[in-house]
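One structure is given below, encoded as structure tokens.
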Number of protein chains: 2
Amino acid sequence: MSLTVKGRATRERIIEAASRRLRSEEPGEMRLDDLLADTGTSKGQLFHYFPGGKEELLLVVAGREADRVLAEQEPYLSELGSPESWRAWRDALVARYGAQGENCPLGSLMGQVRSTAGVAAVVSAMLRQWQDHLRDGVRAAQAAGTADPGVDAERAAAALIAGVQGGVHVLRSTGDSGHLEAALDEFLDRLGRT
Amino acid sequence: MSLTVKGRATRERIIEAASRRLRSEEPGEMRLDDLLADTGTSKGQLFHYFPGGKEELLLVVAGREADRVLAEQEPYLSELGSPESWRAWRDALVARYGAQGENCPLGSLMGQVRSTAGVAAVVSAMLRQWQDHLRDGVRAAQAAGTADPGVDAERAAAALIAGVQGGVHVLRSTGDSGHLEAALDEFLDRLGRT
DNA sequence: GTATTTCTGGACCCGCCAGTCCAGAAATGC
DNA sequence: GCATTTCTGGACTGGCGGGTCCAGAAATAC
């Protein structure tokens, strides 16, 4: 399937609309007809560009959204090491998710697709990357002597990912960011050698 | 609305069936017709006992399921204090969720109802109770001298809840219980004075 | 400038499933 | 007992929403 310039633009417009709607106040279930209304396109076009229908489209969107999660944490994520860098990352995360409020693009996405398998895989891969960055950050801090060398970097990173995920989850359903902050701060306390 | 003995039994049967289906291998979306088939009841009855329809029914089920979550952790939860009791609780949790696999009754429930508000409230309340138990456990351990007194019990409990929630979430979508275990173990390490 | 491919619009189909309605059976009240 | 309330079954409705189809417009190829 080769796309013309115009075609690629339309396809992009559809993805963009889905993505935007997902990040909007009330994502709810995403209906194809809404997207068509948003973009001024038609059923024919949507299925022309996404023969797999809704599922295929959402999978593409999931990929974009996953990339965005990591991209939004740069440059913090790649620069973890010093206590200040950890702190900055922590603050950025809290600010980011606090502003986002009850909404969580990938979270909503997980609930939309019947066979969640595809989206789940995308999310897993993203989590894995995220965790790797954190683990490297812990090791860097240990190498620099600013973190307790007794901490198992891999396990600590896994626990941190769990804490962040859970914190965001609670934030999503209660609007309270306390759990997210608690998870982050407990981690930082444990990291720093006392 | 007063219920006869028979009436109460039927109502109970419906709730029970919904509850069971939620905990089954593949909960997916819950269809009213399935419940009717499971229980040998009819639409008329279902709407007779739950005038609010599906939403009302699921809210009742949510309450039951939330109680179950806490009940299943007894007697561990009320007896937290000694290192052994924490360990036993940890193992019970991992075993419990490991066995459950990718499924999570309350998790699926959250995705089912349009206005998730009701179910979310039930879950929040349950989480709050859970967290209180954990906090008390931390304090008990501190009082007994088996936990670092420098730890803020409330915040540590919040972080632990976040970790457990996130761990279960990851377990749910990948089938890997590593994150849950990591979160629990990191917490226990931090708790124990080294 | 003709042929081929890609793009676009929208009418239509169809399965799904929550919710309605009502008529008759069973229980309960007195 | 008769009247009243509760219980039960199932046919029916209605809307929602994903997916199909096809005819014609626009772009591209050569």
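Remember, predicted model here, so these are calculated numbers, not experimental data. Lettering follows sequence order; numbering is per chain, from 1.
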*For A:His48 and D:dA23, give me the distance from atom NE2 to atom P, rounded to whole Å.*
17 Å

*Got a salt bridge between B:Glu65 and B:Arg68, using NZ or NE/NH1/NH2 to carboxylate O under 4.0 Å?*
yes

_Tell me the interatomic distance from A:Leu3, atom CG, to C:dT5, atom C1', rounded to whole angstroms._
12 Å

*Basic-acidic side-chain contact under 4.0 Å: A:Arg128, A:Glu154*: yes

*With respect to the phosphate group of D:dT6, does any side-chain polar atom (N or O) of B:Tyr49 fall under 4.0 Å of OP1 or OP2?*
no

*Just by modelled atom types, is the A:Leu32 backbone N or O under 3.5 Å from a matching donor or acceptor in the A:Lys43 side chain?*
no

*Tell me: CZ of A:Arg8 to P of C:dC7, nearest whole Å?*
9 Å

_Polar contact flag, side-chain donor to acceptor under 3.5 angstrom, B:Gln45-B:Ser42_ = yes

*Establish, from distance only, whether the side-chain atoms of B:Arg23 and B:Ser19 form a donor-acceptor pair under 3.5 Å.*
yes

*asked:* Whole angstroms only, please: what is the CZ-C1' distance between A:Phe47 and C:dG9?
replied: 14 Å

*State whether the side chain of A:Ser177 and the backbone N or O of A:Leu171 hold a donor-acceptor pair below 3.5 Å, judged by distance alone.*
no

*Side-chain N or O of B:Gln45 closer than 4.0 Å to phosphate OP1/OP2 of D:dT8*: yes

*asked:* Using a strict threshold of under 4.0 Å (side-chain N to carboxylate O), is an ion pair present between A:Arg90 and A:Asp185?
replied: yes

_Contact letters for nucleotides 24-30 of chain D, in which S counts primed atoms plus P, OP1 and OP2 and B counts the base, heavy atoms under 4.0 Å_ = --SSS--

*According to a strict under-4.0 Å criterion, is A:Thr41 in side-chain N/O contact with OP1 or OP2 of C:dT8?*
no

_Spacing of A:Leu36 atom CG relative to D:dG19 atom P, expressed in whole Å_ = 12 Å

_For atom CG of B:Leu46 and atom P of C:dT20, their distance in whole Å_ = 12 Å

_Length of the CZ-C1' vector between A:Phe50 and D:dG18, whole Å_ = 15 Å

_Exercise: do A:Arg96 and A:Gln100 side chains pair donor with acceptor under 3.5 Å_ = yes

*Indicate the ring-plane relationship of A:Phe187 and A:Trp86, choosing parallel, tilted or perpendicular according to the 30° and 60° boundaries.*
tilted

*Answer yes when A:Asp189 and B:Arg155 have at least one side-chain N-carboxylate O distance shorter than 4.0 Å, and no when they do not.*
yes

Could you pull out the protein-nucleic contacts involving nucleotides 15-17 of chain C (nitrogen or oxygen on both sides, under 3.5 Å)?
none

*asked:* So B:Gly40, base contact, sugar-phosphate only, or nothing? Heavy-atom distance under 4.0 Å.
replied: sugar-phosphate

_For D:dG9, does the base pair up with any side-chain atom of B:Lys43 as donor and acceptor (N or O, under 3.5 Å, distance only)?_
no

*Between the two end axes of the helix from C:dG1-D:dC30 to C:dC30-D:dG1, each built from 5 base pairs, what angle do you get to the nearest 10°?*
20°

*asked:* Categorize B:Gly44 for me: base, sugar-phosphate, or nothing, with a 4.0 angstrom heavy-atom threshold over every strand shown.
replied: base

*Note: A:Glu12-A:Arg64 ion pair, threshold 4.0 Å (strictly below)*: yes

*Please check if any side-chain donor atom of A:Gln131 sits under 3.5 Å from a side-chain acceptor atom of B:His179, or the reverse.*
yes

